[in-house]
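Data first, discussion second: the structure below is written as structure tokens.
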Amino acid sequence: MKRMLRRLLIIFGVLGPGFITASAGNDVGGIIQYSRAGAQFGYATLWTLLPLTVSLIVVQEMAGRMGAVTGKGLSGLIRENFGVRWTFFAMGALFLINTGITATEFAGIAAAADIFHLSRYIIVPFSCILVFLFVLRLNNKIVERVFVILSLVYLGYIVSGCLAKPDWHAVAQGTIVPTFITSIAFVAMVVGLIGTTISPYMQFFLQSAVVERGSRVRDIFAVRADIVVGSILAIALAGFMIIANGATIYIFNQHHDDHHRIIINEAIDVAVALKPLAGQYASALFGFGILNAGLFTATVLPLATAFIVCEAFGFEAAVDRRFKEAPVFYSLFGSALVVGAAIVLIPGLNYVNLITYAQELQGIVLPLELVLMLVIINRRRVMGAYTNSLAANVIAWATTIIVGILAIAYVIMTIFGLGS
């Protein structure tokens, strides 16, 4: 028992920003997006997770390496290499996207409140205050370790996926054999999966977290280990979310007509996939899951926003500073929380549509961010001997081009109504 505990402590000593950032991809939006993928297309989108795993590791490793080598955040490097105008444009776009994603996290909290028969008009503001105080009052190392522990809650989806008794042959086929359906719905789903798996904000947050942690060139191996472990676990969990929904909702819909099918119009509709694990308590388990996911990322995302803007324009940015030492940082953090929470309290807002559009928008913006990263990381005057290898460049540029093509195709198909 002591040996096992010691090993766990060693693992937790290695896991940090990379694991947290990758896990943040499995937020409320991620849960809904992966669940919708399984419910709507069965196992047909599983194959996308294999190249996404490689791309996620490469992109995250680039961000971690830039942070360790330069000791600067991504937004700061963008300012130094592209000037204030491009930085202002990039920060404005990221701020708008991050505010929308923050709103989706509070949408999950609001949905959890509905499941537990509590007023969202009480729970959402209370959660907003709780998150702010959590970050403001606790030491950043404590905050980091709490986030790591909370991330382990997602392991429940693996159990649920197995208990759903999926056709493992079909799962293997869906994972290995690429399937592409020429419809707006499928293209939008793939773009959304990319957006929620490799969210634009994740690179900014990861690089800033690596810098704040004090990681330098000597720590690159540990940073990489953290990123690889976190990315693989996050993608594995995403896969089981797809499997669980494919083995339950998708199979159910295949055997019923349009009048009796399960359509994901509300967040609670996804709870059906957890019935093999929790039975009649599936709704409660799902409610707890999205509450945890919402609180988790409602903390990470506004933090990322505050880090991004402060680093871009030279303001103090650190969670281990007091408010009077970093007023702009904490003001931005609080503003992002308040605006995100306020959006969710708009009467008649469709949470699922908000979440879906937010993930798709991330997928559309991602290629632009990757281009900036690739230009910076391949400049020897910035990275010295730690520029990208040929393999890293091939994978990163391929990711950028493919995601860009998919994003353009989705926009064109949406505008002209093609393939619907």
Side-chain angles (χ1 to χ4, degrees), residues 23-36 39 95-135 147 150-151 153-154 156-157 192 195-196 199 201 241 245 249 262-274 278 281-305 333-362:
S23 296
N26 290 334
D27 59 354
V28 173
I31 292 173
I32 298 299
Q33 192 71 21
Y34 297 130
S35 298
R36 287 183 62 249
F95 182 83
L96 291 175
I97 293 173
N98 286 2
T99 301
I101 300 299
T102 300
T104 67
E105 308 312 323
F106 282 107
I109 294 172
D114 293 341
I115 292 171
F116 296 119
H117 306 292
L118 301 171
S119 173
R120 67 183 65 180
Y121 296 100
I122 295 176
I123 298 302
V124 170
F126 175 77
S127 298
C128 184
I129 296 172
L130 181 65
V131 168
F132 188 83
L133 292 177
F134 182 62
V135 173
F147 283 169
L150 288 179
S151 299
V153 173
Y154 300 129
Y157 282 95
T196 196
S199 300
Y201 82 87
M241 290 180 196
N245 282 272
I249 298 177
I262 300 172
I263 306 297
I264 300 179
N265 292 319
E266 302 289 342
I268 185 60
D269 295 329
V270 180
V272 174
L274 291 175
Y281 301 106
S283 295
L285 180 60
F286 175 76
F288 176 77
I290 61 171
L291 177 63
N292 169 68
L295 286 172
F296 176 72
T297 314
T299 304
V300 172
L301 194 52
L303 268 179
T305 304
F333 175 60
S335 298
L337 278 176
V338 172
V339 173
I343 291 174
V344 171
L345 297 180
I346 297 175
L349 182 69
N350 187 303
Y351 295 156
V352 172
N353 286 343
L354 171 66
I355 292 169
T356 300
Y357 294 145
Q359 307 311 315
E360 293 169 2
L361 181 59
Q362 289 192 103

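Computation of the quantities below employed the complete heavy-atom set of this structure, encompassing side-chain atoms and omitting hydrogens, waters and symmetry-equivalent molecules.
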Exercise for the section: With rounding to the nearest 0.5 Å, note down the distance linking CD1 in I355 to CD in E360. Expected result: 12.0 Å

Practice task
Kindly indicate whether the side chain of L345, heavy atoms from C-beta on, has any atom under 4.5 Å from the side chain of V124.
Solution key: yes

Completion exercise
Closest heavy-atom pair, G287 versus F116, reported as atoms and distance to 0.1 Å, is C-CE1, 3.8 Å

Exercise for the section: Specify the closest pair of heavy atoms between L295 and S127, including all atoms of both residues, with the distance to one decimal. Expected result: CD2-CB, 3.8 Å

Exercise for the section: Report the C-alpha distance between N265 and V352 in whole Å, list the side-chain angles of each, state the deciding distance to 0.1 Å, and finish with yes or no for side-chain contact (heavy atoms from CB on, under 4.5 Å). Expected result: CA-CA 6 Å; N265 292 319; V352 172; 5.9 Å; no

Practice task
Look only at the side chain of T196 and the backbone of G192, and say whether a donor-acceptor pair between them is shorter than 3.5 Å.
Solution key: no

Problem - Side-chain touch L301/Y201, heavy atoms, less than 4.5 angstrom - result: yes

Exercise for the section: Might you point out which heavy atoms bring A271 and S283 nearest each other, and give the distance in Å? Expected result: CB-CA, 4.0 Å

Practice task
Evaluate side-chain contact (heavy atoms from CB on, under 4.5 Å) for I31 paired with M241, printing each intermediate quantity in order.
Solution key: CA-CA 7 Å; I31 292 173; M241 290 180 196; 4.0 Å; yes

Exercise for the section: Check for a donor-acceptor pair, side chain of N98 on one end and backbone N or O of F95 on the other, with a separation under 3.5 Å. Expected result: no

Exercise for the section: Could you grab the distance from atom OG1 of T299 to atom CZ of F333, nearest 0.5 Å is fine? Expected result: 6.0 Å

Handout entry: Distance-minimising heavy-atom pair for L337 and P302
Key = CD2-CG, 3.7 Å

Fill in the blank from the handout: Residues D269 and I249: closest non-hydrogen pair is O-CD1, 3.8 Å

Exercise for the section: Kindly indicate whether the side chain of I109, heavy atoms from C-beta on, has any atom under 4.5 Å from the side chain of I123. Expected result: yes

Handout entry: Side chain to side chain, I264 and V270, heavy atoms closer than 4.5 Å
Key = yes

Exercise for the section: Might you work through the side-chain contact (heavy atoms from CB on, under 4.5 Å) test for I343 and F106, ending with a clear yes or no? Expected result: CA-CA 9 Å; I343 291 174; F106 282 107; over 6 Å; no

Fill in the blank from the handout: Here the gap from L349 atom CG to L354 atom CG, rounded to the nearest 0.5 Å, amounts to 5.5 Å

Practice task
Take Y351 and I32 through the test side-chain contact (heavy atoms from CB on, under 4.5 Å) and record every step on the way to the result.
Solution key: CA-CA 10 Å; Y351 295 156; I32 298 299; over 6 Å; no

Fill in the blank from the handout: Minimal heavy-atom distance between V344 and A103, with the atoms involved, is CG2-O, 2.9 Å

Exercise for the section: For the pair E105 (side chain) and V28 (backbone), establish whether a donor and an acceptor sit closer than 3.5 Å, ignoring hydrogens and angles. Expected result: yes

Practice task
Give a yes or no on whether the backbone of F288 and the side-chain of N292 come within a donor-acceptor separation of less than 3.5 Å.
Solution key: no

Practice task
Might you confirm whether atom OH of Y281 has over 12 heavy atoms from other residues, nucleotides or ligands at distances under 6.0 Å?
Solution key: no

Problem - Listed partners of Q362 passing side chain to side chain donor-acceptor pair (under 3.5 Å), at least two apart - result: S199, Q359

Handout entry: Any donor-acceptor pair under 3.5 Å from T104 side chain to I101 backbone
Key = yes

